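Predicted, not measured: the structure shown is a model, and the values here were computed from it. What you see below is based on every heavy atom in this structure, not just the backbone, and it leaves out hydrogens, waters and symmetry mates.
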Number of protein chains: 4
Amino acid sequence: MTQTAWNPRRLTAVAADLPEGVTPPGTRGRILQAALKLFAEYGFHGASIRDIARAVGINSATLYAHYPGKEHLLAELIRLGHEELRRRLRQAYAEAGADPTAQLAALVRAQVLVHTDYPLLALVANHELHALSPERAAPALELRDDARRLLLAALERGTAAGEFDVADVTLAGIAIGSLGMRVANWFGPDQPYTREQVADAFVDFALRLVGSPLPRG
Amino acid sequence: MTQTAWNPRRLTAVAADLPEGVTPPGTRGRILQAALKLFAEYGFHGASIRDIARAVGINSATLYAHYPGKEHLLAELIRLGHEELRRRLRQAYAEAGADPTAQLAALVRAQVLVHTDYPLLALVANHELHALSPERAAPALELRDDARRLLLAALERGTAAGEFDVADVTLAGIAIGSLGMRVANWFGPDQPYTREQVADAFVDFALRLVGSPLPRG
Amino acid sequence: MTQTAWNPRRLTAVAADLPEGVTPPGTRGRILQAALKLFAEYGFHGASIRDIARAVGINSATLYAHYPGKEHLLAELIRLGHEELRRRLRQAYAEAGADPTAQLAALVRAQVLVHTDYPLLALVANHELHALSPERAAPALELRDDARRLLLAALERGTAAGEFDVADVTLAGIAIGSLGMRVANWFGPDQPYTREQVADAFVDFALRLVGSPLPRG
Amino acid sequence: MTQTAWNPRRLTAVAADLPEGVTPPGTRGRILQAALKLFAEYGFHGASIRDIARAVGINSATLYAHYPGKEHLLAELIRLGHEELRRRLRQAYAEAGADPTAQLAALVRAQVLVHTDYPLLALVANHELHALSPERAAPALELRDDARRLLLAALERGTAAGEFDVADVTLAGIAIGSLGMRVANWFGPDQPYTREQVADAFVDFALRLVGSPLPRG
DNA sequence: AATGAATGAGTGTTCATTCAT
DNA sequence: AATGAATGAACACTCATTCAT
């Protein structure tokens, strides 16, 4: 409940709505972008198919030539959001080497950056999952678990190696995850921080949180 | 995006829905409780007035004998949620004395406990504010700012006094606030932690985060 | 369509709402007056039972302790309106003697005055009859026919006696009736005429209309 | 209150519902016609959107593909009614030449004929104006005033020229206007008069009313 | 690929009325 | 005589979706 500024679901002209290369071409892509903006601002049930069509500049019936229904739009957005998250986390994990501290830092940095780069997508992926049927939500939940396991693995290995001083790995994992998730709610061009500054700071926070002896230079 | 289990908006039989003494008597109170559960699970736009009435066991028209409209239900819930938060934070701050470390610990503990005690209320207060008209949302936003200022004041004084080692007070405040806010999303009777255990752990996290030299006894 | 001022259904503080002695005592009477005002301004379907109760200052349920239903309120008002019209017309007819010219003048004067004295009642009686079931509307229609017959009788006798020069008695009757009926729509304290001035003028108009050789002194 | 036959708002199979050329094509036009019939018979508040849709043979939701709301239907009808009246009155006035007697005769004839030709439209335009918001009602009221001014101008010039013998021009204008307005309430195919017969008779009445020395040949 | 017209189900809300108190 | 709570039906209107064109 402690937040920087208002704007319950923020929409201050975000740089990129969707990850590079995943936006479908033409009308199909513009529909997806409009759905993302409106779902982020008003929620899935608060944005109508006509609202989306109006934002795109097409008739609402035309939408059905591109997507089979409203829920598919949400499912697609959530899929894209979670896949981008997994892609970045895996890449970060892979490039971090074997050191738990480096792994943790890389994971936090990746999580923060994906939220600064695609905040709308993260918002929708996190807040609107409940509007999906269990079957459609399942893949997203698996992705989440994947991400969680990466983080916990690093925490456990670091703790075992004596690099981290953590009383309860699960709670620490939750706490670190919480730090990054909320970034989507407040970061934006109106903030006096670059994405890198936020990432640096949050990596520092995470390392301090696990009692890492080398919290930066 | 890193979360313990599924249940996008959690509903696992929470102990108390509304703070003590604030639930109106009779049907009025049952309506408010039903609205809280349904708004938390499906969102404001995803829960219909008929859903709420059905959960209470009354005709949907009867609802209007107690509340002037759907939006008033949400406004009332958000008001209750923010007022309980402020009440607890102020009391914690007042009882903490002058020491910034004690103040920070008290604020984090209070924030965590209000989220463990009334997770549904916190969820609705945080996620559904966008469904309120700006005028109705204004009081809640003021309360948020109040809470934020308390936290920042403690951080600034602690940093100035050399008790904390914080590079950027604003970012630290955001991070600590994020920790507590997410508690409403995952805490519940299905978790192997008591409310006190979570509070203790998160106070420890916050103190580590600000570089307090005395993390735990 | 040619009218003096706006106010589609006029409500400029009319002197007396209901004829002397017919207003029931206490709450019962206040309900009837409120219903009259609201039916006149918004129509039967446009004024709700709650609107009426609010105007009276009572709970809408209380209304049912005095009247068995909304339609009864309208039926009562329409009955009062038509009875007052008949009473006045009969009295005028009786006092006019045997002379057709005097009869016509008396009838027109009476019709005009009943509309200047109880314009709201006349408005409701004329415009809201369609909201009554045929059985309930029947008495009012009989009264109307009564009034029509009086007028036609005078016209026929006057024409037969050579006092009037009328090509079509039916059309003349309709025209004269139309003159008086509309008075309820425009007369009021905002007009620069007394009720007597209007009555005098309209009697003159009626006499001219039937070709009476002695229009005025 | 003096009227020919029952049928509080008459619906005896009127020849033409809407003026030539103004009925929109297709469903749009059928909706407008159905709304006209039902508003005339039951009043604006007494006819539901479902009633109208049922009369047209469409789903009530379809109506909103053609009109943005119920009030727009009424506004459109009232606009059409007043525009037809103005069109006819202006044309009559223009063709009547400079003679006040001819002008008065032309205006009365035009007013009567527009009411015999489109009685439902006149009924709705006159009786249901109160259901329109002031902004929407304003254009209709301007048109009314236009019509009133034409009539008063003729009366004043005729009186000044000595062609008419009128004690009070305003009251005479009201009376003549009242004559024509009521035509919509009683004229219909069930009456033993053609539209021309009624117009002739009412022109005669009007001329007599103003004391014109040449009441017909 | 796109549209206007159409629809059944559903939205929040108000209706006239009932009833226990 | 009066009320607050309650209700089933209806209100105007919007929903996601379909379909002929």
Which part of the nucleic acid, if any, lies within reach of [X] when heavy atoms closer than 4.0 Å are counted: base, sugar-phosphate only, or nothing?
X	result
C:A47	sugar-phosphate
D:L63	nothing
C:G26	nothing

Round to the nearest Å and state the distance from [X] atom [atom1] to [N] atom [atom2].
X	N	atom1	atom2	result
B:L73	E:dG12	CG	C1'	12 Å
D:H66	E:dT3	NE2	C1'	14 Å
C:D51	E:dT17	CG	P	14 Å
D:Y64	F:dC13	OH	P	4 Å
B:R54	F:dT7	CZ	C1'	16 Å
D:I52	E:dA6	CD1	C1'	18 Å
D:Y67	F:dA12	OH	C1'	17 Å
D:K70	F:dT14	NZ	C1'	17 Å

key: Complementary nucleotide of F:dT7, counting Watson-Crick and G-U pairs under 3.5 Å   =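 Looking at the geometry, F:dT7 pairs with E:dA16.
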
ask   = Counting only Watson-Crick or G-U wobble pairs whose two distances fall under 3.5 Å, which nucleotide matches F:dA1?
value =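 Check on F:dA1: unpaired, no WC or wobble geometry under 3.5 Å.
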
task = Given salt bridge (charged side-chain N to carboxylate O under 4.0 Å, His left out), test D:E83 with D:R79 step by step and report yes or no.
result = CA-CA 6 Å; D:E83 284 190 351; D:R79 188 184 65 79; 3.1 Å; yes

ask   = So how far is it from B:R136 CZ to B:I78 CD1, rounded to the nearest 0.5 Å?
value =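 With rounding to 0.5 Å, CZ (B:R136) is 10.5 Å from CD1 (B:I78).
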
Any [X] side-chain N or O less than 4.0 Å from OP1/OP2 of [N]:
X	N	answer
D:T62	E:dT7	yes
C:S48	E:dT14	no
A:N59	E:dA2	no
B:T27	F:dA6	yes

inquiry  = Need to verify one output field. Residue with the more 5' nearest nucleotide on DNA chain E, D:S60 or C:I49?
reply    =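 Closer to the 5' end of DNA chain E: D:S60.
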
inquiry  = Does any part of the side chain of C:L36, heavy atoms only, come nearer than 4.5 Å to the side chain of C:L80, both counted from C-beta?
reply    =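 Counting from C-beta outward, C:L80 and C:L36 never come under 4.5 Å.
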
key: B:L129 vs B:L74 side-chain heavy atoms within contact, under 4.5 Å   =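 SC-SC contact between B:L129 and B:L74 ruled out.
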
task = Would you kindly compare A:P68 and C:R30 by the position of their nearest DNA chain F nucleotide and give the one closer to the 5′ end?
result =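 Result: C:R30.
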
Along DNA chain F (nearest heavy atom to each residue), the more 5'-positioned of C:A61 and D:H45 =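 So the residue in question is C:A61.
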
query = Would you say the side-chain atoms of A:D51 pair up with the backbone N or O of A:A47, donor to acceptor, closer than 3.5 Å?
reply =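 No, the answer is negative, given that no donor and acceptor are paired below the 3.5 Å cut-off.
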
task = Could you tell me how the ring of A:H45 sits relative to the ring of A:H130: parallel (under 30°), tilted (30 to 60°) or perpendicular (over 60°)?
result =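 If you compare the ring of A:H45 with that of A:H130, the planes turn out tilted.
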
ask   = Do B:R50 and E:dG12 share a donor-acceptor pair, side chain to base, under 3.5 Å?
value =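 Side chain to base: pair present.
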
